[in-house]
Enquirer: 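What follows is a structure written as structure tokens; I'll ask about it next.
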Amino acid sequence: LSGSRTQSCTLSADRSWRLSGQVKVTGGAALTIEPGTVITGQVGTPVSFLLIDRGAKIFARGTADKPITFT
């Protein structure tokens with residue numbers, strides 16, 4: 001994942017996700033992260049991070065059996 005997300009999307013647990021640089025959720029979009037999802041950051045430069053802009057939403061509810069992992 002990279003760049004701006006202006007439309008709602010879901011990160012599913014059936015695959016691994018990699019952040020590349022700044023990933024920005026904006027414009028009222030919603031990011032849903034399923035339980036058990038693994039999200040990794042790109043190693044090195046640029047630094048990878050997830051930014052949820054004002055007005056956008058994040059829905060991330062892991063469980064004890066299926067945690068959401070950022071690494």
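In this text, all values refer to a predicted model and were calculated from it rather than measured experimentally.
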Enquirer: Do any pairs count as a side chain to side chain donor-acceptor pair (under 3.5 Å) and have a residue in residues 27-40, sequence neighbours left out, and if so which ones?
Expert: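 Passing the test, one end in residues 27-40: no pairs.
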Enquirer: Looking at side-chain heavy atoms only, is the closest gap between Arg15 and Leu11 below 4.5 Å?
Expert: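 In short, these two side chains do not touch, never coming nearer than 4.5 Å.
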Enquirer: Over all heavy atoms of both residues, which pair between Gly21 and Pro46 is shortest? Give the atoms and the distance, please.
Expert: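 Answer, listing the atom of Gly21 first, then Pro46: CA-CG, 4.1 Å.
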Enquirer: Please list every donor-acceptor pair under 3.5 Å in which a side-chain atom of residues 49-60 meets a protein atom from a residue at least two apart or in another chain.
Expert:
{"from": "Asp53", "atom 1": "OD2", "to": "Thr26", "atom 2": "OG1", "distance (Å)": "2.9"}

Enquirer: Please name the residue in the list Ser48, Ser2, Ser20 that meets the side chain to side chain donor-acceptor pair (under 3.5 Å) test with Gln42.
Expert: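 Only one of Ser48, Ser2, Ser20 forms a side chain to side chain donor-acceptor pair (under 3.5 Å) with Gln42, namely Ser20.
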Enquirer: Just wondering, do Phe70 and Ile33 contact through their side chains at under 4.5 Å, heavy atoms?
Expert: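 Contact flag for Ile33/Phe70 side chains = yes.
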Enquirer: State, to 0.1 Å, how close Gly36 and Ala13 come at their nearest heavy-atom pair, and which atoms those are.
Expert: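 The answer is C-CB, 3.8 Å.
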Enquirer: Tell me the closest heavy-atom pair linking Ala64 and Pro67, and the distance in Å.
Expert: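 Looking at all heavy atoms of both residues, the shortest contact is O-CD, 4.0 Å.
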Enquirer: State whether the side chain of Trp17 and the backbone N or O of Ser12 hold a donor-acceptor pair below 3.5 Å, judged by distance alone.
Expert: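 Present.
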Enquirer: Report whether Val38 and Leu31 are members of the same hydrophobic cluster (ILVMFWY, side-chain heavy atoms less than 4.5 Å apart, transitive linking).
Expert: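 In one cluster with Val38: Leu31, no.
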Enquirer: Can you run down the side chain to side chain donor-acceptor pair (under 3.5 Å) pairs that involve residues 59-71, sequence neighbours left out, and say none if there aren't any?
Expert: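 Residue pairs passing side chain to side chain donor-acceptor pair (under 3.5 Å), neighbours aside: none found.
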